[in-house]
Peer 1: 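The structure follows.
Chain letters run A, B, ... following the sequence lines, proteins first, then strands; residues in each count from 1. Everything quoted here is computed from the prediction, not taken from an experiment.
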Amino acid sequence: MWHRHAFASRRLAPALVAATLLLAGDIAPVYAGAPYCSLRDPSHQIYDMYPTATGYRSVVREIDNETQVAVDKKIPFSLLKGELGQHTLYVPVDSGDPLGYIQIRSELTEWGLAEIVWALNIEREVVDFRFQRCRGQACKSVLEKGLQEMLEGLDQAALIALLDDQGQLPESLTETMNEDERMLASVVTRSAIKVIAVIESGWSTTVRELAQNNPDP
Amino acid sequence: MTTHAFPRIWTLGRLALLFTLALAQPANAQQFLPDSRSLFPAEWDENLRFAIDLSSRQLYSSATDNWHRVDFIGTDLHKVFTGKSGDIGTLTLQGYFTHIEDEEIRPGFFDGKWTYVYRIFNFNYALLPRGRMNLRVGHFEIPMGLEHTIDTNGTLRDYTHGRNIGVKADWGASLNGILDGAEYEVSITRGSGNSWETNGDPYIAAGRIGTPSYRNLVWGVSAMSGDIYVHNSGGQTIERQRVGADVQWYVNQYGLLGEISVGERDGDSTSTGLIELNRTANSGSWMAYAQLVYTTLNPDDSPRQDASTLFVGAKWDLTRWDFSLQVSHDLDSFDGNSENELYVAQARFRF
């Protein structure tokens with residue numbers, strides 16, 4: 001009898017756990033994401049894009065539903081549910097003086113998730129970007145066709161103005177690109193628009209603080 | 001120092017029921033459940049990530065025709081200390097009450113059915129500007145091979161630390177950082193894994209230098225030397241040395257990974273190799289992999305022996321939980337060991 005009970009509970013416990021996880025999945029308030037030991041700062045890219053930086057400050061904030069609504073009001077496309085949760089904004093500094101903002105955005109591409117490391121100045125204009133993870137042929141070739149130069153120095157309004165009604169870059173701006181490169185360039189441009197909106201909504205205190213310390217851009 | 005008896009009442013089934021009841025209250029969930037911003041004092045709250053991590057594994061071994069279960073109840077804390085001139089250091093504390101009912105599969109450092117297992121438990125302090133050198137103190141993974149850049153803690157997928165070194169993570173200190181076009185870590189650790197043991201004076205010295213781990217082509221070289229503590233042996237150690245190389249190549253949704261190492265185990269020459277092909281979904285929601293791992297042992301006074309195992313596995317990531325499956329099949333085994341097929345399933349929930 002005891003053996004039968006032990007056998008049954010051994011089978012029952014995993015089933016109960018699985019049911020718990022399924023039920024709990026949509027109720028628990030905090031999205032914990034991957035184990036934190038797997039978090040990696042984009043240190044190489046920070047010092048590559050800000051060569052005078054001596055260090056960077058991390059500012060962790062939660063991108064929640066409230067931020068999602070605020071972002072939706074600012075830009076013509078939505079944050080995905082998977083983009084919610086805690087994220088880090090990096091503020092590169094030169095001997096304590098802030099130089100701008102760095103943030104990583106994950107974007108869906110034909111070749112899987114691309115991680116784009118964005119560098120913005122204190123006025124939230126694009127300084128540069130790097131692919132931290134991008135696994136298609138177009139990831140390299142699109143850079144050789146001037147995408148970084150196209151986006152450099154643009155603010156959110158100017159970036160939105162680049163896109164057509166479908167959220168794509170028009171052919172007039174992507175004449176030298178093939179179809180894959182054009183698609184990726186549009187993803188990257190939308191990512192730039194999104195990262196500015198997310199930083200302004202999710203890190204508004206940091207944005208105000210840096211703007212006050214830099215009154216004459 | 002690491003073992004805690006865990007009350008019998010905390011069986012997995014009861015825990016599952018508790019969490020079901022706790023979570024089935026959406027109206028009060030924000031108040032009822034631990035929130036990273038409310039569990040800690042305000043001065044600790046800044047740049048803090050905190051999660052409760054529950055998982056359970058079910059294993060079936062064809063060699064013994066037995067089912068086994070391993071349960072993990074843990075916390076995962078990550079905090080970045082920052083100042084005007086930049087980040088000062090990062091604290092990572094991952095500890096798990098681990099339950100293994102069946103004695104035959106318990107690691108040597110377990111004193112009973114429940115043991116507190118340290119995974120990553122350290123502080124990484126920024127010594128030099130621009131990330132050039134940090135000092136890590138605590139419990140961390142031995143810097144060697146693929147595992148140095150790919151974190152497999154708490155997953156079924158694994159690399160060769162067990163076969164090569166004998167422990168995956170250890171107590172000690174390391175210097176680590178980034179250079180132009182490179183990442184490195186060198187460490188000196190206790191050589192006894194989860195617990196701090198001094199009997200037999202164990203130690204592990206190890207290091208790896210490689211190209212930046214975010215690239216599509218990553219490679220590195222590693223070396224280790226040490227006397228590794230054998231639990232429940234009265235202070236015996238095993239002498240191990242290895243040098244090795246590892247590579248990762250990612251194209252579209254596919255990854256091709258490999259590592260090889262050669263060295264000695266108590267004076268006998270040995271080598272280990274691993275090759276993995278994996279595929280990740282476009283959305284990142286699942287990944288599947290196949291690994292072939294082989295080990296050779298070439299004793300001075302007996303014929304060479306070979307062992308090889310094929311692993312096939314998959315992992316599904318959902319919002320707060322993931323589910324993994326893995327089957328391993330021994331193609332060849334050392335003399336005296338029976339060839340086995342091991343089926344493992346894991347459910348994991350983090351919030």
Peer 1: Which bit of A:Thr88 is near chain B, if near means a heavy-atom gap under 4.5 Å: side chain, backbone, both or neither?
Peer 2: both
Peer 1: Counting only heavy atoms closer than 4.5 Å, note whether A:Leu108 contacts chain B via side chain, backbone, both or neither.
Peer 2: side chain
Peer 1: Checking B:Glu46 against chain A: side chain, backbone, both or neither under 4.5 Å from a heavy atom?
Peer 2: side chain
Peer 1: Less than 4.0 angstrom from a charged side-chain N to a carboxylate O is my criterion; do A:Arg40 and B:Glu183 meet it?
Peer 2: no
Peer 1: Chain B heavy atoms under 4.5 Å from A:Leu39: which part of the residue, side chain, backbone, both or neither?
Peer 2: side chain
Peer 1: Ring of A:Tyr36, cation from B:Arg350 - is the NZ or CZ under 6.0 Å from the centre and inside 45° of the axis?
Peer 2: yes
Peer 1: Check each atom of A:Cys134 against the heavy atoms of chain B and say whether the ones under 4.5 Å are side chain, backbone, both or neither.
Peer 2: backbone
Peer 1: Quick one: which of B:Phe140, B:Tyr214, B:Phe81, B:Tyr250 has the most heavy-atom pairs under 4.5 Å with chain A, could you say?
Peer 2: B:Tyr214
Peer 1: As an exercise: rank B:Arg57, B:Arg215, B:His78, B:Arg130 by heavy-atom pairs under 4.5 Å with chain A and give me the winner.
Peer 2: B:Arg130
Peer 1: Would you mind reporting whether B:Ile178 and A:Tyr47 have side-chain heavy atoms less than 4.5 Å apart?
Peer 2: yes
Peer 1: Under a 3.5 Å threshold, yes or no: a donor from one side chain and an acceptor from the other, between A:Ser58 and B:Asn47?
Peer 2: no
Peer 1: Any chance CD of A:Glu149 has more than 12 other-residue heavy atoms, nucleotides or ligands included, within less than 6.0 Å?
Peer 2: yes
Peer 1: Looking at A:Gly55, A:Gly96, A:Pro98, which one has more heavy-atom pairs under 4.5 Å with chain B than the rest?
Peer 2: A:Gly96
Peer 1: So which part of B:Leu179 gets closer than 4.5 Å to some heavy atom of chain A, the side chain, the backbone, both or neither?
Peer 2: backbone
Peer 1: Measure A:Glu110 against the heavy atoms of chain B and call it side chain, backbone, both or neither at under 4.5 Å.
Peer 2: backbone
Peer 1: Taking CH2 in B:Trp316 as the centre, count heavy atoms belonging to other residues, nucleotides or ligands within less than 6.0 Å. Is the count above 12?
Peer 2: yes
Peer 1: Report which part of A:Phe131 has an atom under 4.5 Å of a heavy atom belonging to chain B: side chain, backbone, both, or neither.
Peer 2: backbone
Peer 1: Would you sort out whether B:Val251 and A:Arg135 count as a side-chain contact (heavy atoms from CB on, under 4.5 Å), showing the intermediate values?
Peer 2: CA-CA 5 Å; B:Val251 178; A:Arg135 292 171 174 174; over 6 Å; no
Peer 1: Any donor-acceptor pair under 3.5 Å linking the side chain of A:Arg57 with the backbone of B:Lys84?
Peer 2: yes
Peer 1: Between B:Asn216 and chain A, which part of the residue has a heavy atom less than 4.5 Å away: side chain, backbone, both or neither?
Peer 2: side chain
Peer 1: Can you say whether B:Thr155 sits under 4.5 Å from chain A via the side chain, the backbone, both, or neither, judging by heavy atoms?
Peer 2: neither
Peer 1: Please test B:Arg119 against A:Cys37 for side-chain contact (heavy atoms from CB on, under 4.5 Å), starting from the C-alpha separation and ending with a verdict.
Peer 2: CA-CA 9 Å; B:Arg119 285 187 189 164; A:Cys37 56; over 6 Å; no
Peer 1: Quick check for you: among B:Gly131, B:Ser283, B:Pro129, which has the greatest number of heavy-atom pairs under 4.5 Å with chain A?
Peer 2: B:Ser283
Peer 1: Going by the rule salt bridge (Lys or Arg N to Asp or Glu O under 4.0 Å), which residues pair with B:Asp158 if we only count those two or more places apart in sequence or in a different chain?
Peer 2: B:Lys168
Peer 1: In Å and rounded to the nearest 0.5 Å, what is the OG1 to CZ distance from B:Thr280 to A:Arg133?
Peer 2: 6.0 Å
Peer 1: Which one wins on heavy-atom pair count under 4.5 Å against chain B: A:Cys139, A:Ala53, A:Ser43?
Peer 2: A:Ala53
Peer 1: More than 12 foreign heavy atoms under 6.0 Å from OH of B:Tyr60: is that the case here?
Peer 2: yes
